[in-house]
Each structure stands twice: as C-alpha cells, then as structure tokens.
**Q** 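Let me give you the structure first, and then I'll get to my questions.
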Amino acid sequence: MALLTPLLAFLYHLPHVYKWLLRPYYVASLFMSVAFLAIRKTPGVCDHLSTQREDGNPCDFDWREVEILMFLSAIVMMKNRRAITVEQHVGNIILFSKVANVLLFFRLDIRLGLLYLTLCIVFLMTCKPPLYMGPEYIKYFSDKTIDDELERDGRVTWIVEFFANWSPECQSFASVYADLSLKYNCAGLKFGKVDIGRYGEVSKKYKVSASPLSKQLPSLVIFQGGKEVMRRPQVDKKGRAVSWTFTEENIIREFNLNELYQKSKKLSKTKGAAADKAALSQFPPVLEEEEPEQEVVGAKEEDLETKKDK
C-alpha cells in the first residue's frame with residue numbers, strides 16, 4: 001500500500017507532468033541530470049573511461065559510483081517528504097542529480113568535472129525556470145505601491161507573499177498560492193505578492209531576508225489596517241526562520257481562512273449596500289402624480305346633467 005499510493009498519485013498527475021517537462025528549461029535540466037549515466041553507458045564512449053571494477057568493465061558502475069548514487073537516492077527521498085507539488089518533487093530530483101554528477105565527473109576525470117561544473121554555472125546564470133502563468137486573483141506590489149495599498153482601507157485584510165523569482169521554493173508555491181486566491185479572494189480579503197529579490201528596501205522594511213540561506217522564502221504575512229497580524233514562517237529571536245511546510249491545508253488552518261473569508265464576505269455585502277445607497281442619494285425622489293378623486297369627478301358630471309335639463 002505504501003508503494004501503491006505514490007504510484008497512483010504519479011499516474012493521476014502524469015498528463016500535467018508530461019506537459020510540464022516539455023518546457024525547454026526542464027528538458028535541458030533532465031539531459032544534464034543524466035549526463036554521467038549517458039557517458040558511462042554509451043558504447044564507444046565508455047570504452048575510453050577509467051574504472052575501478054575488478055572485471056575491468058568501463059561501461060558499468062563501480063562500487064564507489066553505486067554508493068554515491070544510493071546516497072543521492074536517500075537524500076532525494078528525505079527532501080521530497082516536504083515537497084508539496086509535483087514540480088517540487090521533480091525539481092529536487094534534478095537538483096541533487098546535478099550535484100551527484102559533479103562528484104562523479106570529478107572522481108572520473110578532473111577535466112570532465114571542471115567542464116560539467118562550468119556548464120552548470122552557465123546554465124544557472126542564463127536559464128531561468130518558467131514562472132507560473134495560470135489564473136489568479138493576486139495584486140503585484142512594488143516598493144512604491146505596497147504601503148499605500150495596505151493602508152488604503154482598514155477594513156480590508158491582505159495576505160501578502162514575499163518571494164524571489166530565483167527561489168525554487170517560491171516557484172513551487174506559486175500555483176498553491178494562486179489556487180488559494182481563486183477560492184478566498186473577495187472585497188474584504190485580498191491577496192498580494194511582492195518580489196523582494198527585486199525590491200531590497202521592501203525586504204528590509206518588512207524584515208524578510210532574501211538570502212538563499214535564510215529559509216524565509218516564501219513568507220506569508222497577514223495585514224489588517226496596514227499592520228502585521230501574523231506571518232509564516234515565524235522568525236525566532238536570533239532572526240532564524242522556524243521550519244514550516246507551505247501546504248494548502250496548513251495555510252488554511254494556520255490563517256483561519258474559512259472564518260476570515262466568511263467575515264470578509266459580510267464586509268462585501270456591507271460595501272455593496274452602501275454603494276447602492278450612495279447611488280440612490282445622487283438622484284432626487286420622483287413625485288408621482290395624484291389621481292383625481294372619484295367623488296369630485298362624479299359631482300361635476302351631475303352638475304352638467306342638471307344644466308342640460310334646465
């Protein structure tokens with residue numbers, strides 16, 4: 001059962017994974033991830049490689065290479081326990097596969113190791129992972145607009161994500177945050193994002209470190225009336241982020257989104273009623289014409305008949 005559940009989950013998401021892996025960034029990443037395997041197993045190429053196997057077969061892994069690959073598998077399994085999306089699972093596999101390739105190439109030949117490491121650095125600097133482009137109800141802030149938007153209406157609650165485009169965790173979380181905005185966005189509850197990798201002043205003001213070693217990316221903060229009410233992950237007295245998993249269930253529970261949404265819907269109705277009232281007040285009331293009284297009309301008809309008789 002333990003193996004059946006992840007297998008069924010993989011088959012369920014297979015169409016989405018297939019479409020996702022066809023993107024150029026991930027196609028190139030997959031080729032780089034299997035580079036050592038391809039060289040070690042390709043006939044005509046592996047014949048010229050050195051090996052420490054007892055049988056002297058250069059086209060098969062030796063005991064040290066198998067050990068490195070097994071260690072890689074253990075790290076990937078541990079890392080993927082905290083992964084929340086299929087993209088994050090595959091991203092972890094690609095990342096640690098590249099690390100293993102660096103070790104294997106350096107062990108095989110220092111020149112191959114330097115060449116592969118150089119390719120990884122060039123790829124990292126020139127190729128950026130694709131950003132999430134799906135539907136969402138999210139407002140993107142800059143360093144000049146975030147303060148004004150948060151303080152514009154004290155009745156509105158804002159949930160703001162502080163992120164950086166280069167962070168793999170932020171890229172994986174993008175689809176989850178977009179789904180939350182589609183489910184819970186209303187007039188009294190709004191969702192926003194600000195790129196602190198681009199706006200350093202925002203990072204300093206709201207005390208969210210943009211360092212790759214800080215583990216504060218992404219950070220979710222609730223603002224009411226322009227003031228911070230709550231954030232995840234929390235930061236201890238030493239400025240270190242407390243480990244927290246950004247799953248949809250955790251966010252809904254920790255931020256009480258269901259209750260917050262119900263309260264915000266009431267605010268939406270109040271705003272709508274106030275707007276209708278204001279619109280009606282712009283026009284003067286229309287006075288209806290009074291119908292003539294039947295008794296008076298009847299009296300006039302009797303007078304006319306009396307005059308005719310005379």
Side-chain angles (χ1 to χ4, degrees), residues 3 6-7 10 13-14 16-131 164-173 197 210-215 217:
L3 295 175
L7 177 60
F10 175 77
H13 292 287
L14 185 59
H16 174 68
V17 175
Y18 177 74
K19 182 179 179 181
W20 180 71
L21 290 178
L22 287 179
R23 297 175 180 178
Y25 174 86
Y26 294 107
V27 172
S29 295
L30 286 174
F31 275 113
M32 294 184 67
S33 300
V34 299
F36 184 83
L37 174 64
I39 290 177
R40 178 60 86 181
K41 291 293 184 178
T42 302
V45 177
C46 61
D47 296 333
H48 303 285
L49 301 178
S50 62
T51 181
Q52 296 183 9
R53 290 178 60 89
E54 294 180 358
D55 58 3
N57 182 11
C59 293
D60 205 354
F61 298 113
D62 60 39
W63 66 273
R64 181 63 69 181
E65 291 169 351
V66 173
E67 194 176 55
I68 293 174
L69 292 174
M70 292 296 292
F71 183 66
L72 163 70
S73 302
I75 292 178
V76 170
M77 290 178 63
M78 293 177 61
K79 188 70 175 177
N80 277 346
R81 291 176 61 184
R82 299 184 59 188
I84 58 178
T85 62
V86 177
E87 291 89 345
Q88 197 167 0
H89 281 280
V90 178
N92 288 335
I93 295 174
I94 292 174
L95 173 62
F96 289 102
S97 295
K98 290 179 180 178
V99 174
N101 273 270
V102 171
L103 298 176
L104 291 168
F105 275 119
F106 267 106
R107 181 177 175 275
L108 183 64
D109 189 328
I110 190 171
R111 292 171 296 179
L112 291 176
L114 289 173
L115 176 61
Y116 183 81
L117 182 61
T118 302
L119 288 176
C120 288
I121 294 174
V122 172
F123 181 78
L124 181 64
M125 295 177 63
T126 58
C127 300
K128 301 298 181 182
L131 300 178
N165 281 328
W166 50 260
S167 170
E169 289 79 9
C170 295
Q171 295 161 10
S172 300
F173 180 62
S211 170
L213 303 177
S214 69
K215 296 183 179 180
L217 294 174

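As the structure is a computational prediction, the values presented were derived from the model and not from experiment. Just so you know, residue 1 is the first one in the sequence shown, and it goes up from there.
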**Q** How far apart are the closest heavy atoms of L117 and V102, and which atoms are they?
**A** CD1-CG2, 4.4 Å

**Q** What pair of heavy atoms forms the shortest contact from L72 to A100, and how long is it?
**A** CD2-CB, 3.8 Å

**Q** Identify, with sequence neighbours excluded, every residue that meets salt bridge (Lys or Arg N to Asp or Glu O under 4.0 Å) alongside K215.
**A** none

**Q** If I take atom OG from residue S73 and atom CD1 from residue I68, how far apart are they, to the nearest 0.5 angstrom?
**A** 12.0 Å

**Q** Taking all non-hydrogen atoms of both residues, which atom of A164 and which atom of L217 are closest, and how far apart?
**A** CB-CD1, 3.9 Å

**Q** D60: which residues meet the salt bridge (Lys or Arg N to Asp or Glu O under 4.0 Å) condition with it, sequence neighbours left out?
**A** K41, R53

**Q** For F106, give me all partners under ring pair (Phe, Tyr, Trp, His ring centres under 6.0 Å), at least two apart in sequence or on another chain.
**A** none

**Q** What closest approach, in Å, do Y116 and A35 show between heavy atoms, and which atom pair accounts for it?
**A** CE1-CB, 3.9 Å

**Q** Measure the NZ-CG distance between K98 and L103 for me, rounded to the nearest 0.5 Å.
**A** 14.5 Å

**Q** Which residues pass the side-chain hydrogen bond (donor to acceptor under 3.5 Å, both in side chains) test with D109, sequence neighbours left out?
**A** R111

**Q** First locate atom OG1 of T42, then atom CG of D47, and finally report the distance between them rounded to the nearest 0.5 Å.
**A** 10.0 Å

**Q** Grab the two heavy atoms, one from S33 and one from S29, that are nearest each other, plus how far apart they are.
**A** OG-O, 2.7 Å

**Q** What ring pair (Phe, Tyr, Trp, His ring centres under 6.0 Å) pairs are there with at least one residue in residues 33-75, not counting sequence neighbours?
**A** F36-F105

**Q** Do L69 and L37 have side chains that approach each other closer than 4.5 Å (heavy atoms only, starting at C-beta)?
**A** no

**Q** CG/L114 to CD1/I110 distance, rounded to the nearest 0.5 angstrom?
**A** 5.5 Å

**Q** For S97, which residues count as a side-chain hydrogen bond (donor to acceptor under 3.5 Å, both in side chains) partner, sequence neighbours excluded?
**A** none

**Q** Less than 4.5 Å apart, any side-chain heavy atom of L108 and any of R40?
**A** yes

**Q** Which residue, R107, E65, R64, forms the side chain to side chain donor-acceptor pair (under 3.5 Å) with Q52?
**A** R107

**Q** What's the spacing between L30 CG and I93 CD1 if we round to 0.5 Å?
**A** 9.5 Å

**Q** At their closest point, which heavy atom of L49 faces which heavy atom of V45, and how far apart are they?
**A** CG-O, 3.8 Å

